[in-house]
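Only a predicted model underlies this, so the values are computations on that prediction, with no experimental measurement involved. Just the heavy atoms: all of them, side chains too, but no hydrogens, waters or symmetry mates, feed the values below.
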Amino acid sequence: MYARMMLNIEKEQKEVFNLESGCPVCKYMHGSKTVAADGNFQLSRYSRANERSKDITYQGQEEVDRYWVKPENVVLYNETANEGCSNFQALNKKGGIKRHLDQTGVFACTCGHGYPLVAMDMTTPGETFEYILSCLKQVVQMPHYGTNIRICYDVGCKLRTSLEKTESLACVKNVPIAVGIFHILNHSPACQLTCHPRVNTGWGLRDGEHLERMWSNLSGFISMTRSMSSSNRRLTLSTALEFYAQQKIDAIGM
């Protein structure tokens, strides 16, 4: 209850002093803004026989859900990833059946400065296009981003066709796409030439691994949230994301 109270107090303070949520650097940036995406299967949650918390509505729940994909923004996409290099098969991994898990992990996006933008619970054994497309749909609706973005994703070489086939994201089907410099090494040479941020213009010195830093920061919550109820897990992760976002704001210019 304390965490819910603090989130709502912060919301009230922002409204009173007319403060905006989001990355303050992106707000004043010119040119396209980087959006990095990645999934984390360590932040999973065990299924519970009597999950009653899903039916409970708390006052101020919208503030807890602020970072999470809204139900109306979920994009259903069932096609396989056939484009791009064959070395990296993250989007085609099916994994084993995980009936003991209610949520298999968390997928998220940050801006180019590491500020968390949106998150989504994963419920499948492997990553699917549904997560990246749903998160991008919500990012496109944010006032400081819209269609003026460039995407950095571990499997970015396989993303273009799915953007073209998704009507709600056709507006960003031609945006620049890259792969983070850590993951690009596992892609084919041809893919590295088209998706390496160091050999393509406009990316500067960004490494695209903003999510890896965020997952490292959230690693202390893995065991803590694994046996929580669904609502308490989301509350805990929302509080952690809010604290991480504030850390990123505090470190601007350092």
Do the non-hydrogen side-chain atoms of M214 and T110 ever get within less than 4.5 Å of each other? yes

Is the side chain of N148 donor-acceptor paired with the backbone N or O of G31 at a distance under 3.5 Å, no angle test? yes

Among all residues two or more places apart in sequence or in another chain, which pass the salt bridge (charged side-chain N to carboxylate O under 4.0 Å, His left out) test with R234? D65, D121

Could you tell me whether a side-chain N or O of S238 sits under 3.5 Å from a main-chain N or O of V64, the two making a donor and an acceptor? yes

Does some side-chain heavy atom of M29 sit less than 4.5 Å from a side-chain heavy atom of H113? yes

Calculate, to the nearest 0.5 Å, the distance between atoms NZ and CG belonging to K173 and L169 respectively. 12.0 Å

Do F243 and T239 come close enough that some side-chain heavy atom pair is under 4.5 Å? no

Are any side-chain N or O atoms of S134 and backbone N or O atoms of Y131, one a donor and one an acceptor, separated by less than 3.5 Å? no

Ignoring hydrogens and angles, tell me if any N or O in the side chain of R66 forms a donor-acceptor pair with the backbone of E242 under 3.5 Å. no

Side chains of C23 and K248: closer than 4.5 Å at any heavy-atom pair? no

Heavy atoms, side chains only, cut-off 4.5 Å: are V155 and V179 in contact? no

Under 3.5 Å donor-acceptor, R233 side chain and L43 backbone: yes

May I ask you to check whether Y153 and E127 show a side-chain donor-acceptor distance below 3.5 Å? yes

Mind checking whether F41 and P125 have side chains closer than 4.5 Å, heavy atoms only? no

The reported gap from OG1 in T225 to CD in Q42 (rounded to nearest 0.5 angstrom) is 10.5 Å

I'd like to know if the side chain of T147 reaches the main chain of V172, judged simply by a donor and an acceptor atom lying under 3.5 Å from each other, with no hydrogens or angles considered. no

Rounded to the nearest 0.5 Å, the CG atom of N232 sits from the CZ atom of R45 at a distance of 9.5 Å

Report yes if some heavy atom in the side chain of P24 is under 4.5 Å from a heavy atom in the side chain of I252; otherwise report no. yes

Counting only heavy atoms not in E167, do more than 12 fall under 6.0 Å of its CD? no

For the CG atom of L133 and the OG1 atom of T166, what is their distance to the nearest 0.5 Å? 4.5 Å

Quick one: pull up SG in C152 and CD1 in I177 and give me the separation to the nearest 0.5 Å. 10.0 Å

Would you tell me whether S32 and R150 have side-chain atoms, one donor and one acceptor, within less than 3.5 Å of each other? yes

Under 3.5 Å, side chain of H183 to main-chain N/O of E209, donor-acceptor pair present? no

Checking Q138 side chain against N73 main chain: does a donor-acceptor pair fall under 3.5 Å? no

Taking C-beta and beyond as the side chain, do S47 and H100 meet within less than 4.5 Å on heavy atoms? no

Would you kindly confirm whether L205 and V25 end up in one hydrophobic cluster when ILVMFWY residues are joined by side chain heavy atoms under 4.5 Å apart? no

Can you name the one residue among V74, T124, V69 that meets side-chain contact (heavy atoms from CB on, under 4.5 Å) with E130? V74

Parallel, tilted or perpendicular: which one describes the rings of Y77 and F129, with boundaries at 30° and 60°? perpendicular

Are Y67 and I249 linked, directly or through other ILVMFWY residues, by side chains that come within less than 4.5 angstrom of each other? yes

Find the distance between CG (L136) and CG (L159) and round it off to the nearest 0.5 Å. 6.5 Å

Can you list every pair that meets side-chain hydrogen bond (donor to acceptor under 3.5 Å, both in side chains) and has a residue in residues 197-207, with sequence neighbours left out? D207-R213

